[in-house]
Protein chains: 2
Amino acid sequence: MDRQQTEKDDEASGQGRPTLKTLAFMTGLGVTTVSRALKDAPEIGAETRRRVQLVAKQIGYRPNRAGVRLRTGKTNVISLVLNTEREIMSFVSDIIYGVSEVIADTPYHLIVTPYSRSQDPLDPIRYLVETGSADGVIISRTQPNDPRARYMLERGIPFATHGRTDMGLIHPYHDFDNYAFAAEAVRHLAGIGRRRLALLAPPVELTYHSHTLNGFTDALSDVGASEIPFNTVSIDHSIEQIRMRTAQLMRREARPDGFVSSAAAATLAIVAGIEDAGLKLGRDVDVVSKQSSDLLHLFRRELLVVNENFRLAGAELARSVLGWIGGAAPGSLQSLSMPTEVLAYRRD
Amino acid sequence: MDRQQTEKDDEASGQGRPTLKTLAFMTGLGVTTVSRALKDAPEIGAETRRRVQLVAKQIGYRPNRAGVRLRTGKTNVISLVLNTEREIMSFVSDIIYGVSEVIADTPYHLIVTPYSRSQDPLDPIRYLVETGSADGVIISRTQPNDPRARYMLERGIPFATHGRTDMGLIHPYHDFDNYAFAAEAVRHLAGIGRRRLALLAPPVELTYHSHTLNGFTDALSDVGASEIPFNTVSIDHSIEQIRMRTAQLMRREARPDGFVSSAAAATLAIVAGIEDAGLKLGRDVDVVSKQSSDLLHLFRRELLVVNENFRLAGAELARSVLGWIGGAAPGSLQSLSMPTEVLAYRRD
DNA sequence: GTGACAATCTGTAACGTTTCAGTATATAGA
DNA sequence: TCTATATACTGAAACGTTACAGATTGTCAC
């Protein structure tokens, strides 16, 4: 091309980040054609398509996110909404990695949207929806009647919940089968002769509280064991509180000889409380606990554990949201993860 | 206004998200004026400015991020770059919350950019810089000669490192004083009569390896204690490896009577290894460990701990990056956090 | 040779914002 | 009265992308 370059061409060949204009200039095509060629539109010639895609790869073209977002409204963002105070620590890192793993070879970015104790949990969701900051949202600490899920369902924004709701509304979720966990835990404790069991449950407002509780009580009556009430604390309480309440409980006549604990950190507190009361784990009392990283058996080898894989949860949740964004039916994007067997690390 | 509305006015008063056009229509001003009024530009009348800002607040106007980003290149995004395999678990959640806390009342969003073992750590940085995906970056696992810091310094993109570099280049950082930690740990162990000390250090490639090691050896010669080499493992190794190596070490003649451990999870493994060898914590050997959440004393009450606050680190790092973006001198955005005293939970 | 049609490509406008280069109006200086 | 200057405002253009509505070919039937 020996014609004189216009200003526009000049700009297009400049050394900034390549844009569609750059590609159009290089291939001698129009911007529109280039745009369509890159997304395999049908009305572009096979030869042209290949040429454009080749050049694009060569010069490392990457669509400008702001351009796409402004024009189409598509943000290519997934938001993970987290409670800054109450979220389980290993949950945060594992779920992030799980999500990351899945969105790694997609154009999606992961943004973390935190909210604190003081705030209405709906606040961050409202913010996201009102500002159109994400194509999809992942929430945790799901409640049976969850205003956040309802809100997003009403506005038609794709989301997935970690944990189920119970509102008669259909949406993607991933959940761990806490009913099965609690039931299995009770059965295991009964199997080693424990008869008076206490449950350290999730906080009442979360859906998996009742799942856990139901699994616990159903299995209790199955095996003919009895419950020692322990509902002055939940896994949301501080380590100190749980420890104190456990010690209190263990000093009573009718103390439990078995615990089921829904969280690893809480289990540390339970054990401390047990020992505060002068009792011994594995002899006076056994504890079955969920854990998400394989550390509890180092703590006390007598501990009985069930593993919950948060990384898997993150991956599943991400898949669900992406699926919904991609047009799949929300009802087809629900998954439940089964607990492992109760693992004993005791070596006698 | 009883004149017939034009199409544009119609659109502007529509119920979509309010834009500058909406505000312009409502106030009867031009878009430009509205834009300037909102950012307190000098050539706007005081009365007009107030009126515009009032209306903006009333209807909940929020600037469209894509619009701003496309026009100005400003992303209003901070990226936290994390290694999906090697990052300390509590670090991830705490640092995220620390960062969140600081950017909460700014327009910034936090995106998490992960990379895995297999990748060059420079990959995610290159991606961010090439695609202009963030205004600022936070990296961890900092090395003395860190290619990522060098790369970003060359391109002039604001960042902060968790940990220092040693390249003679100036950039914002936040670091925990690991020299002081290790020295203090050694002194404490010496104070309770321990003489043969082993160090479980961070991986050699990270800057704080040598900080820790120097603090350790300097204090050793101060107090006249000796080092039992324990450098076949680092805190990056698996729990099993550390446990095995510790047990091995403790079965030797010249075994240590004191440990300094740079990470809480690793400490669990050390203790397990000690007990595997049939020895008792607090009697045969003492262990000083860093921890970021207050759980180690529940694990074994004999453990000696020093707390490292990752949430604070996250907040400091965020402040640093924002400061740099805001034009502050990089050299003025460096901070070092002092270790607490060694805390003993033992109650005899 | 004409019309119809498919195949392939293209220019323009728009998304919401900021910047540039103005345009009006009022005030003051001569 | 005229010009200069400051004050307060405005339209047009641009960032990079996609959607819409053409435009230009070539092929084929008749």
Side-chain angles (χ1 to χ4, degrees), chain A residues 6-14 16-52 56 59-76 107 130-133, chain B residues 6-14 16-52 56 59-76 107 130-133:
Chain A
T6 69
E7 277 185 56
K8 292 210 167 190
D9 289 342
D10 242 0
E11 279 187 273
S13 58
R17 247 181 90 190
T19 69
L20 288 182
K21 204 152 80 178
T22 322
L23 284 177
F25 171 68
M26 295 183 74
T27 55
L29 297 164
V31 213
T32 305
T33 311
V34 172
S35 173
R36 317 200 72 161
L38 286 177
K39 48 175 57 74
D40 290 318
E43 62 267 69
I44 300 298
E47 152 73 11
T48 306
R49 193 206 320 281
R50 241 173 317 155
R51 198 159 58 90
V52 170
I59 66 172
Y61 167 77
R62 314 248 203 171
N64 179 305
R65 314 191 111 231
V68 176
R69 181 164 170 177
L70 182 56
R71 177 64 235 243
T72 64
K74 181 125 209 276
T75 63
N76 284 312
E130 280 169 12
T131 61
S133 288
Chain B
T6 68
E7 277 185 56
K8 290 213 167 188
D9 290 342
D10 243 0
E11 279 187 271
S13 59
R17 249 182 89 191
T19 69
L20 288 182
K21 204 152 79 179
T22 320
L23 284 177
F25 170 69
M26 296 182 72
T27 54
L29 297 163
V31 222
T32 305
T33 312
V34 172
S35 172
R36 316 198 74 162
L38 287 176
K39 47 174 58 73
D40 290 320
E43 61 266 69
I44 301 297
E47 151 73 11
T48 306
R49 192 207 319 283
R50 242 174 316 155
R51 197 159 59 90
V52 170
I59 66 172
Y61 167 77
R62 314 249 204 170
N64 178 305
R65 314 192 112 231
V68 176
R69 181 165 171 176
L70 182 57
R71 176 65 235 242
T72 65
K74 180 126 209 277
T75 62
N76 284 313
E130 281 169 12
T131 61
S133 289

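Letters A, B, ... are given to chains in the order of the sequence lines, protein chains preceding strands, and every chain is numbered from 1.
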- Task: Check for a donor-acceptor pair, side chain of A:Arg69 on one end and backbone N or O of B:Arg69 on the other, with a separation under 3.5 Å.
- Result: no
- Item | Criterion side-chain contact (heavy atoms from CB on, under 4.5 Å) against B:Leu20, the qualifying member of B:Leu38, B:Thr32, B:Asn64 | B:Leu38
- Look at the side chain of A:Asn64 and decide which nucleotide, out of D:dT17, C:dG16, C:dC9, has an atom nearest to it. D:dT17
- If you check the A:Leu29 side chain, which of C:dT10, D:dT17, C:dG16 turns out closest? C:dT10
- May I ask you to evaluate whether A:Lys21 reaches the phosphate of D:dG16, defined as a side-chain N or O under 4.0 Å from OP1 or OP2? no
- Could you pick out which residue, B:Leu70 or B:Thr32, lies toward the 5' side of DNA chain C when each is mapped onto its nearest nucleotide? B:Leu70
- Note on the structure: Quick note, A:Tyr61 side chain, CB onward, closest among D:dT17, C:dT8, C:dT18 is D:dT17
- Query: Of all the nucleotides listed (C:dT10, D:dT17, C:dT18), which has the minimum atom distance to the side chain of B:Leu20?
  - Reply: C:dT18
- Item | Whole-Å distance separating the CD1 atom of A:Ile44 from the P atom of D:dT18 | 13 Å
- Length of the line joining B:Leu38:CG and C:dG16:P, which is rounded to integer Å: 15 Å
- Query: Within this structure, what is the CZ-to-P distance between A:Arg36 and C:dT12, rounded to whole angstrom?
  - Reply: 17 Å
- Note on the structure: Rounded to whole Å, the CD-P distance (B:Glu47 to D:dT7) equals 18 Å
- Message: What is the distance, to the nearest angstrom, from the CZ atom on A:Arg49 to the C1' atom on C:dC9?
- Response: 13 Å
- Query: Starting at CZ of A:Arg71 and ending at P of C:dT17, how long is that distance when rounded to a whole Å?
  - Reply: 16 Å
- Query: Hey, is the main chain of B:Leu29 close enough, under 3.5 Å, to the side chain of B:Thr33 for a donor-acceptor pair?
  - Reply: no
- Message: Within the 4.0 Å heavy-atom criterion, would you say B:Ser35 contacts the bases, only the backbone, or no part of the nucleic acid?
- Response: base
- Closest-nucleotide 5' rank along DNA chain D - winner of B:Val34 and B:Gly67: B:Val34
- Message: Can you tell me if A:Thr48 touches the phosphate of C:dT8, counting only side-chain N or O atoms and a distance under 4.0 Å to OP1 or OP2?
- Response: no
- Task: Take atom CZ of B:Arg69 and atom C1' of C:dC15, then tell me their distance rounded to the nearest Å.
- Result: 15 Å
- Provide, to the nearest angstrom, the distance between the CD atom belonging to B:Glu43 and the C1' atom belonging to C:dA24. 15 Å
- Query: Within the side chain of A:Arg36, is there an N or O that forms a donor-acceptor pair under 3.5 Å with the backbone of A:Ile44?
  - Reply: no
- Indicate yes or no for a side-chain donor-acceptor contact from B:Arg65 to the backbone of B:Pro107 under 3.5 Å, with no hydrogens or angles considered. yes
- N/O (side chain, B:Thr33) to phosphate O (OP1/OP2, D:dT10) under 4.0 Å: yes
- Message: Check this for me: does the side-chain of A:Thr72 come within 3.5 Å of the base of D:dA19 through a donor and an acceptor?
- Response: no
